[in-house]
Q: 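Sharing a structure below in structure tokens format, with a few things to ask.
Below, chains carry the letters A, B, ... as their sequence lines are ordered, and counting in each starts from 1.
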Amino acid sequence: MVTEEQVIIAINQALDLNLDIENTPRNEALKDLGIDSLDFFNILIALEEITGRKVSDEDSERLVTIKDIAEYFS
Amino acid sequence: MIGIKAIASYVPSLYIDNLLQAKKFGESEDFIQKKIGAMRLPRKDVDQDTSDLAVLAVQSLFEKNPALSKSDVDAIVVITQNPDAEGLPHTAAIVQKKLQLPVSVAAFDVSLGCSGYVYGLFILKGFLEASGLKNGILITADPYSKIIDPEDKATSLLFGDAATATWLGEDSEWQLGAVSYGTDGEGVDFLKIDQKHLYMNGRQVFGFALTQVAVHIRQLLERERLVVEDVDLYCLHQGSGAIVDAIAKGFGKLSDRFVKELADTGNTISSSIPLLLEKHAFGSEAKRIIISGFGVGFSWATAIITRSNKGKV
């Protein structure tokens with residue numbers, strides 16, 4: 001089980017960011033939050049290590065928002 | 001004992017402006033500077049082949065090292081996966097011909113990508129010592145411009161052409177120390193030729209580099225009873241700025257010992273490590289350096305080199 005808050009924490013740790021846990025929009029595309037493709041790779045690596053679940057290339061393409069990621073790892 | 005006596009290189013003066021390329025692909029200047037790390041990507045002339053780049057690197061080695069003459073050369077090894085023609089004949093033989101090296105020279109190619117330089121050092125050292133030979137030249141020349149699809153963003157923004165030549169011989173300034181290798185063939189589909197063009201699965205390659213390389217370096221240090229602080233410089237393959245940064249980040253306060261220099265070259269495959277060593281091993285006070293190459297295969301190799309206080313050439 002991974003919550004949206006945990007995804008934001010993982011993003012902050014992986015990218016040295018300081019996204020606000022309460023106010024960061026869950027349904028906005030990561031790209032619109034300033035997260036580029038390489039940042040996204042970093043986030044997935046971090047979450048794969050935390051959860052032990054590998055994300056296939058096909059699945060990774062469907063993970064666009066924080067909400068998508070939390071639902072996927074849950 | 002055979003070690004590294006000198007390194008020279010050839011980087012083409014022609015280049016692609018990566019910021020212009022970024023615009024074409026809808027990427028920002030920030031992305032190029034901070035993530036890709038390459039502002040310009042050297043490109044060989046259309047008339048140049050892999051052997052020509054190799055020859056120019058070796059000629060530079062001869063010019064900078066008058067103590068090494070053509071008649072002294074016992075062996076040459078070319079690390080490439082983009083040889084002249086289709087690899088038959090081997091590029092090393094073409095280099096021997098173009099340089100007019102003695103016919104007594106042993107010459108062969110080794111097919112490896114970004115791990116190739118580290119492998120090549122030990123292959124050539126072992127070959128020379130086992131054969132009772134004295135001087136060898138390790139050449140890296142793998143111009144990816146021959147296989148890049150200019151419309152493919154994943155590869156077009158990353159790779160540059162270059163060649164290097166490393167003189168291996170006795171009484172060297174740098175000795176080869178402990179080494180460790182690795183291969184995971186599960187990665188064969190993530191970086192390969194697909195319909196005559198280079199295909200790269202960026203996410204898988206990035207993930208491999210991040211999860212494998214730092215662990216591998218730490219394992220080698222532990223095996224040799226060293227700690228990360230014992231190493232003066234970490235000269236890793238310059239896969240991209242983001243890869244070097246991400247690996248270095250895992251070493252905390254020592255991250256500034258990781259050399260990142262690809263702004264003017266991009267990822268030059270097996271040439272990236274010798275390009276760093278040419279400048280930082282021979283132009284610094286460093287006494288112990290980690291070199292680590294990783295890529296196509298997946299294949300990786302990490303070694304420790306140490307200054308021997310012997311014969312500057």
Side-chain angles (χ1 to χ4, degrees), chain A residues 1-2 4 6-21 24-74, chain B residues 18 22 25-38 152-158 184 186-192 194 199-215 238-253 255 260 262 267 298:
Chain A
M1 175 82 181
V2 172
E4 292 167 354
Q6 286 171 318
V7 172
I8 296 171
I9 291 168
I11 291 172
N12 283 339
Q13 287 177 344
L15 307 180
D16 286 333
L17 293 179
N18 198 18
L19 296 179
D20 186 278
I21 292 177
T24 299
R26 272 63 168 162
N27 286 312
E28 203 165 315
L30 293 174
K31 195 177 164 190
D32 295 331
L33 296 174
I35 292 170
D36 62 40
S37 56
L38 287 172
D39 292 336
F40 179 61
F41 296 163
N42 250 326
I43 294 165
L44 289 190
I45 290 166
L47 288 165
E48 283 176 339
E49 280 180 4
I50 291 168
T51 64
R53 181 177 176 185
K54 285 277 174 197
V55 184
S56 70
D57 289 333
E58 203 174 42
D59 288 346
S60 74
E61 287 169 17
R62 294 202 298 269
L63 305 180
V64 179
T65 67
I66 288 169
K67 187 165 182 270
D68 294 338
I69 296 172
E71 283 177 358
Y72 180 83
F73 282 102
S74 299
Chain B
N18 225 12
F25 289 120
E27 286 293 356
S28 67
E29 190 174 325
D30 207 44
F31 180 76
I32 296 299
Q33 280 180 338
K34 292 183 179 168
K35 301 298 172 61
I36 299 295
D152 177 33
K153 184 173 82 171
T155 54
S156 287
L157 294 170
L158 209 51
D184 180 3
E186 292 295 328
V188 292
D189 289 327
F190 300 136
L191 197 50
K192 63 177 183 179
D194 186 19
Y199 163 78
M200 182 176 78
N201 182 323
R203 181 183 156 231
Q204 296 293 346
V205 173
F206 189 77
F208 151 69
L210 252 62
T211 54
Q212 193 63 254
V213 178
V215 172
Q238 306 285 292
S240 71
I243 285 177
V244 177
D245 285 341
I247 295 170
K249 187 182 159 193
F251 287 76
K253 286 178 183 171
S255 61
K260 186 173 78 170
L262 69 164
N267 176 341
F298 295 127

Q: With a 4.5 Å heavy-atom cut-off (strictly below), which parts of residues 202-209 of chain B touch chain A? List them by number.
A: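 Answer by number: Gly202(B), Arg203(B), Gln204(B), Phe206(B), Gly207(B).
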Q: Which one of Ile36(B), Asp30(B), Asn201(B) has the most heavy-atom pairs closer than 4.5 Å to chain A?
A: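 With the most close heavy-atom pairs to chain A, the winner is Asn201(B).
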Q: Please say whether more than 12 non-hydrogen atoms of neighbouring residues, nucleotides or ligands are located less than 6.0 Å from CD in Glu28(A).
A: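 More than 12 heavy atoms, drawn from other residues, nucleotides or ligands, come within 6.0 Å of this atom.
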Q: Please check if the number of heavy atoms outside Lys67(A) that lie under 6.0 Å from its NZ is greater than 12.
A: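 Result for NZ/Lys67(A): open.
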Q: By a 4.5 Å heavy-atom criterion (distance strictly below it), what part of Ile45(A) contacts chain B: side chain, backbone, both, or neither?
A: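 Looking at Ile45(A), just its side chain touches chain B.
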Q: State, to 0.1 Å, how close Thr211(B) and Glu49(A) come at their nearest heavy-atom pair, and which atoms those are.
A: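 For Thr211(B) and Glu49(A), the tightest heavy-atom pair comes out as CG2-OE2, 3.9 Å.
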Q: In residues 53-61 of chain A, which residues are in contact with chain B at a heavy-atom separation under 4.5 Å?
A: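 Hits under 4.5 Å: Val55(A), Ser56(A), Asp57(A), Ser60(A).
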Q: Supply the atom-to-atom distance Asp36(A) CG to Glu27(B) CD, rounded to the nearest 0.5 angstrom.
A: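 If I round to the nearest 0.5 Å, the distance is 7.0 Å.
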Q: Where does Ser240(B) contact chain A at under 4.5 Å (heavy atoms): side chain, backbone, both or neither?
A: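 Nothing of Ser240(B), per the 4.5 Å heavy-atom cut-off to chain A.
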Q: State whether the number of non-hydrogen atoms from other residues, nucleotides or ligands found under 6.0 Å of Lys34(B) atom NZ is greater than 12.
A: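 Atom NZ in Lys34(B) is not packed in, count stays at 12 or less.
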